[in-house]
Amino acid sequence: MFVNNPYAQGGWKSPLNPRTSDGVFPVQPSVFGALPSPGPTAPPIVKFTFTSFAPDILNSVVYGSRSQRHFTITTGHGSTILRNAEGTHLAFIDWRPTSVEIGETVPYQAVARWMALSPNRSCRSMAVRGRRYTWIPNEGMIGLYLMGSNDLLARVTRSTDSVLLEITTEAIQAGLLEVAVVAT
C-alpha cells in the first residue's frame with residue numbers, strides 16, 4: 001500500500017504508515033533526491049601517513065591517501081625542514097632555541113609561544129591566521145579543534161611503524177595542513 005509513496009518510503013511520521021520513524025525504524029534519506037538527507041554529515045577526511053622513520057618522525061616521509069609522497073621531513077645541524085613533494089621549503093624548526101616558521105602562515109617565533117601549553121597542562125593552543133585552535137589528547141589520539149567548538153578538524157594517531165594525520169577538507173581550505181604536519 002505504501003510502496004509507491006515516496007513520503008512513506010522516507011519513513012516520515014504518519015499514523016497510516018506503520019514503518020514511519022518512531023525510533024524503531026530509522027528515517028531514510030529521500031529516495032528520489034528531491035529532499036535533503038536527515039541529520040548532519042561528517043566533512044570529508046584526507047589521510048596523511050608519516051612513515052619511513054630514519055630513525056624517527058623528524059626524518060620521515062609523509063604520504064597521502066593514494067600513496068603519493070606529499071612531504072619530506074629532514075633534520076640535521078640543529079634544525080628540521082618540511083618540504084613538499086617538489087622540494088619546496090614549507091616550514092622550518094630551529095632547535096637552538098626552539099623556534100618555528102611555517103611559510104606565510106606562522107611567522108618565526110618560539111614554539112612555546114606558537115603552541116602554548118594550557119595552565120592545567122591538558123592541551124595546547126595555537127593561533128593561525130587570526131583564529132585560535134586547540135590540540136586536545138583524548139583516548140589514543142590528539143584532536144584539533146577551533147577554539148570553542150566541538151567539531152574535530154584533524155586528529156593524530158600512532159601505530160608501531162607510522163603516525164596517521166586525518167584532516168578535514170575544511171581544515172585544509174583554512175590553511176591548516178602544513179601547520180598540522182609540523183604540529184604532529
Side-chain angles (χ1 to χ4, degrees), residues 40-76 79-95 97-118 121-184:
T41 58
I45 301 289
V46 181
K47 295 180 181 184
F48 294 92
T49 305
F50 294 68
T51 190
S52 304
F53 299 157
D56 55 29
I57 197 168
L58 295 176
N59 288 287
S60 61
V61 179
V62 183
Y63 292 95
S65 53
R66 287 186 226 131
S67 298
Q68 284 184 291
R69 180 185 292 226
H70 278 268
F71 304 105
T72 302
I73 302 168
T74 54
T75 301
S79 66
T80 298
I81 297 173
L82 173 68
R83 290 186 171 88
N84 65 13
E86 293 78 36
T88 305
H89 174 127
L90 301 175
F92 174 77
I93 301 172
D94 184 1
W95 297 106
T98 308
S99 302
V100 66
E101 178 180 36
I102 306 172
E104 302 289 320
T105 310
V106 177
Y108 188 82
Q109 61 187 288
V111 170
R113 182 171 166 240
W114 171 57
M115 290 208 24
L117 187 59
S118 67
R121 305 176 71 81
S122 65
C123 62
R124 290 191 176 270
S125 64
M126 64 182 187
V128 178
R129 296 187 173 156
R131 299 183 86 182
R132 306 271 321 149
Y133 298 91
T134 305
W135 288 98
I136 302 172
N138 184 13
E139 296 182 19
M141 68 100 168
I142 302 171
L144 175 64
Y145 303 87
L146 180 63
M147 187 85 66
S149 170
N150 291 327
D151 296 335
L152 184 67
L153 296 172
R155 74 172 157 211
V156 177
T157 55
R158 181 176 140 166
S159 69
T160 55
D161 60 349
S162 67
V163 172
L164 179 65
L165 168 64
E166 297 171 284
I167 186 168
T168 63
T169 54
E170 173 189 348
I172 293 171
Q173 291 167 354
L176 294 174
L177 177 56
E178 290 83 6
V179 172
V181 170
V182 171
T184 300

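On a predicted model such as this, the values are computed, not experimentally measured, just so you know.
Residues P137 and S122 approach most closely at CD-O, 3.2 Å, considering heavy atoms. In terms of heavy-atom proximity, D151 sits nearest to Y145 at O-CD2, 3.4 Å. The shortest non-hydrogen separation linking A127 to R132 is CB-NH1, 3.3 Å. Nearest approach of V179 to M126, heavy atoms of both residues: CG1-CE, 3.4 Å. Here the closest heavy-atom approach between residue A180 and residue I167 is recorded as CB-CD1, 4.1 Å. In terms of heavy-atom proximity, C123 sits nearest to W135 at CB-O, 3.1 Å.
With values rounded to the nearest 0.5 angstrom, S79 atom OG is found 10.0 Å from W95 atom CH2. Considering OG1 of T157 and CG of L164, their distance stands at 4.0 Å, rounded to 0.5 Å. Note that the OG atom of S52 and the CG atom of D161 stand 9.5 Å from one another [nearest 0.5 Å]. To the nearest 0.5 Å, atom NZ of residue K47 and atom CG of residue L165 are 11.5 Å apart. Expressed to the nearest 0.5 Å, how far OH of Y108 lies from CD1 of I102 amounts to 13.0 Å. Taking OG1 of T88 as the reference point, atom CZ of R83 lies at 9.5 Å (rounded to 0.5 Å).
One N or O on the side chain of T75 and one on the backbone of L58 form a donor-acceptor pair closer than 3.5 Å. With D94 contributing its side chain and S99 its backbone, the two residues share no donor-acceptor pair below 3.5 Å. Q68 places no side-chain N or O within 3.5 Å of a backbone atom of R66 that could act as its donor or acceptor partner.
The neighbour count for N150 CG, taken as heavy atoms of other residues, nucleotides or ligands under 6.0 Å away, does not exceed 12.
Evaluated for a side chain to side chain contact (heavy atoms under 4.5 Å, CB included) with N59, the options I73, T80, T74 yield exactly one hit, T74.
Note on residues 164-184: pairs passing side chain to side chain donor-acceptor pair (under 3.5 Å), not counting sequence neighbours, are R155-E166. Sorted by first and then second residue, the salt bridge (charged side-chain N to carboxylate O under 4.0 Å, His left out) pairs with a member in residues 98-117 form an empty list; sequence neighbours excluded.
Between F71 and F48, the two ring planes are tilted [angle within 30° to 60°].
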